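A short worksheet on the structure shown next.
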Protein chains: 2
Amino acid sequence: MTSVPRNGNAYADTCPTRMVLDRIADKWAVLVLGLLGDGPVRFNQLRRQIEGISQKMLSQTLKSLERDGLVSRRAIATVPVTVEYSITPLGQTLSATVDNLRIWAETHMEQVTQSQQQYDAAAA
Amino acid sequence: MTSVPRNGNAYADTCPTRMVLDRIADKWAVLVLGLLGDGPVRFNQLRRQIEGISQKMLSQTLKSLERDGLVSRRAIATVPVTVEYSITPLGQTLSATVDNLRIWAETHMEQVTQSQQQYDAAAA
DNA sequence: AGCTGTGAAGAAGGCACCTTCTTGTAAGCT
DNA sequence: AGCTTACAAGAAGGTGCCTTCTTCACAGCT
């Protein structure tokens, strides 16, 4: 009998799903994948499009996503050398989900911040 | 002219969407909302169902989600007093999205960990 | 008095996230 | 030599995440 991929359980502490969830439930990962979903992007292009992220953090995030198999890296023989990042087929299966998370944040930002203000006022 | 809710932009550093995204792109938030999506749950029930979370962290996460307007809290006059948490209408609109994130992690856990192992082996 | 249960939070400490600074490599320009 | 560009990463330091421990309040039990 061939082995069948088994689903993990994110509610179980010892299951590696917890680590995977921690990896993808990350704002930088969501923002990077959101951009790569539209096509390959170079490092500095990503950096310009994601305001507030440091070069260090972007490099680190891309490395992690590459390690996860969600992103692929290709050095281009320009002068100086530039690097292009693309989403992988595995990353593509996550694309719509992370986009929905970001879109929800964008469309409900006012409601959330309003609720936070009301909560803080009631607590004061 | 009545004011129209404007969408945020998560790629802009100064936009509060970044903060909202940071709030919801969080493994504990995803796991808590995933359980509350099915109906009200008591604090200790949540604690038992989410393995590995400390009482401190669960309490803090629930307080943050309440402040965000995604969760509501109701004290019940039992002996001792127990507290029941429910998802709010606003939280309900996020429910499917966070479930999809968790389900993706559960169904792709093996592919991600395999990719991580291959990456680490190639780097060694 | 002690203990149990519930839920909340401060303190302490370790670890991770994150920025800034710096360095490294390489090629081209002044 | 200096500078620029691109990308990667170590060091340093600050902040935040997170656990553990402890305390608190309250009611009931021994």
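As the structure is a prediction and not an experimental result, all values here were calculated from the model.
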Between [atom2] on [N] and [atom1] on [X], what's the gap in Å once rounded to a whole number?
X       : N     : atom1 : atom2 : answer
A/Ile76 : D/dT5 : CD1   : C1'   : 15 Å
A/Arg67 : D/dA9 : CZ    : P     : 13 Å
A/Glu66 : D/dA8 : CD    : C1'   : 12 Å

Open item on the list: Hydrophobic clusters here meaning ILVMFWY residues chained together by side-chain heavy-atom distances under 4.5 Å, can you tell me if B/Tyr85 and A/Tyr119 are in one?
Closed with: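 Different clusters.
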
Is it true that a side-chain atom of [X] and a backbone atom of [Y] form a donor plus acceptor pair closer than 3.5 Å?
X        : Y       : answer
A/Asn9   : A/Tyr11 : yes
A/Ser115 : B/Gly69 : yes
B/Thr82  : B/Thr78 : no

Task: For DNA chain D, the residues among residues 14-38 of chain A that have a non-hydrogen atom under 4.0 Å from it - done: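 When residues 14-38 of chain A is checked for heavy atoms under 4.0 Å from DNA chain D, there are no hits whatsoever.
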
- [ ] Can you run through DNA chain D from 5' to 3' and write each base as (, ), [, ], | or . depending on how it pairs? Watson-Crick or G-U wobble, both distances under 3.5 Å.
- [x] ||||||||||||||||||||||||||||||

What pairs of donor and acceptor atoms, side-chain ones from residues 50-57 of chain B against any protein atom, are under 3.5 angstrom apart with sequence neighbours left out?
unit_1	atom_1	unit_2	atom_2	d
B/Glu51	OE1	A/Asp13	N	3.1
B/Ser54	OG	B/Met57	N	3.1
B/Gln55	OE1	B/Arg47	NH1	3.4

Extract all donor-acceptor atom pairs below 3.5 Å that involve side chains of residues 90-103 of chain A and protein atoms in other chains or at least two apart in sequence.
unit_1	atom_1	unit_2	atom_2	d
A/Thr93	OG1	A/Leu90	O	2.6
A/Thr93	OG1	B/Trp104	NE1	2.8
A/Asp99	OD1	A/Arg102	NH2	3.1
A/Asn100	ND2	A/Ala96	O	3.3

Sub-3.5 Å pairs of nitrogen or oxygen atoms, protein against nucleotides 4-10 of chain C:
unit_1	atom_1	unit_2	atom_2	d
C/dT6	OP1	B/Asn44	ND2	3.0
C/dT6	OP2	B/Asn44	ND2	3.1
C/dT6	O5'	B/Asn44	ND2	3.3
C/dG7	OP1	B/Val83	N	3.2
C/dG7	OP2	B/Asn44	N	3.1
C/dG7	OP2	B/Asn44	OD1	3.3
C/dG7	OP2	B/Asn44	ND2	3.4
C/dA8	OP1	B/Arg73	NE	2.6
C/dA8	OP1	B/Arg73	NH2	2.9
C/dA8	OP1	B/Tyr85	OH	2.7
C/dA8	OP2	B/Tyr85	OH	3.1
C/dA8	N7	B/Gln55	NE2	2.5
C/dA8	N6	B/Gln55	NE2	3.3
C/dA9	OP1	B/Lys63	NZ	2.6
C/dG10	N7	B/Lys56	NZ	2.9

- [ ] Can you sort out the partners of A/Glu66 under salt bridge (charged side-chain N to carboxylate O under 4.0 Å, His left out), two or more places apart, ordered by chain and number?
- [x]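 Counting only residues at least two positions away or on another chain, A/Glu66 forms no salt bridge (charged side-chain N to carboxylate O under 4.0 Å, His left out).
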
Task: Derivation and outcome, salt bridge (charged side-chain N to carboxylate O under 4.0 Å, His left out), residues A/Arg42 and A/Glu84 - done: CA-CA 4 Å; A/Arg42 292 183 181 191; A/Glu84 185 184 75; 5.2 Å; no

Task: Nearest heavy-atom neighbours spanning A/Ile24 and B/Ala105 - done: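 That closest heavy-atom pairing would be CD1-CB, 4.1 Å.
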
TODO: Search all heavy atoms of B/Leu65 against all heavy atoms of B/Ala29 and return the closest pair with its distance.
DONE: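 Smallest interatomic distance, heavy atoms only, reads CD2-CB, 4.0 Å.
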
